[in-house]
Amino acid sequence: MTLADKLLQDFKELPEEKKRQVIDFVEFLRAKQQQELEQMMDTVIAENKEAFLELAK
């Protein structure tokens, strides 16, 4: 059984309110991941600003 299969099986057995909490948590994790990616990109851009400006010429 894959992780996705296990998750789906367990999810189906939860009451509706618990399902909503699971969905909220997944959305929180996705938003956190997106924020971390954006912060990493901002760091890369800041650390390489001069190189980017030189390439843009």
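Any value given below was found using the heavy atoms of this structure, including those in side chains, with hydrogens, waters and symmetry copies removed.
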Taken in chain and number order and not counting sequence neighbours, the residues that satisfy side chain to side chain contact (heavy atoms under 4.5 Å, CB included) with Thr43 are Glu47
### Message
So for atom CG, which belongs to Leu3, do other residues, nucleotides or ligands contribute more than 12 heavy atoms lying within a distance under 6.0 Å?
### Response
no
Let me check something: any side-chain donor-acceptor pairs from residues 9-25 under 3.5 Å, sequence neighbours excluded? List them with distances.
| residue | atom | partner | partner atom | Å |
| --- | --- | --- | --- | --- |
| Asp10 | OD1 | Lys6 | NZ | 3.1 |
| Asp10 | OD2 | Lys6 | NZ | 3.0 |
| Glu16 | OE2 | Lys19 | NZ | 3.3 |
| Arg20 | NE | Asp24 | OD1 | 3.2 |
| Arg20 | NH2 | Asp24 | OD1 | 3.0 |

Residue pairs meeting salt bridge (Lys or Arg N to Asp or Glu O under 4.0 Å), one or both in residues 48-57, sequence neighbours left out, come to Glu54-Lys57
Hits for side chain to side chain donor-acceptor pair (under 3.5 Å) against Asp42, two or more places apart or cross-chain, chain-then-number order -> none
Taken in chain and number order and not counting sequence neighbours, the residues that satisfy side chain to side chain contact (heavy atoms under 4.5 Å, CB included) with Lys32 are Phe28, Glu36
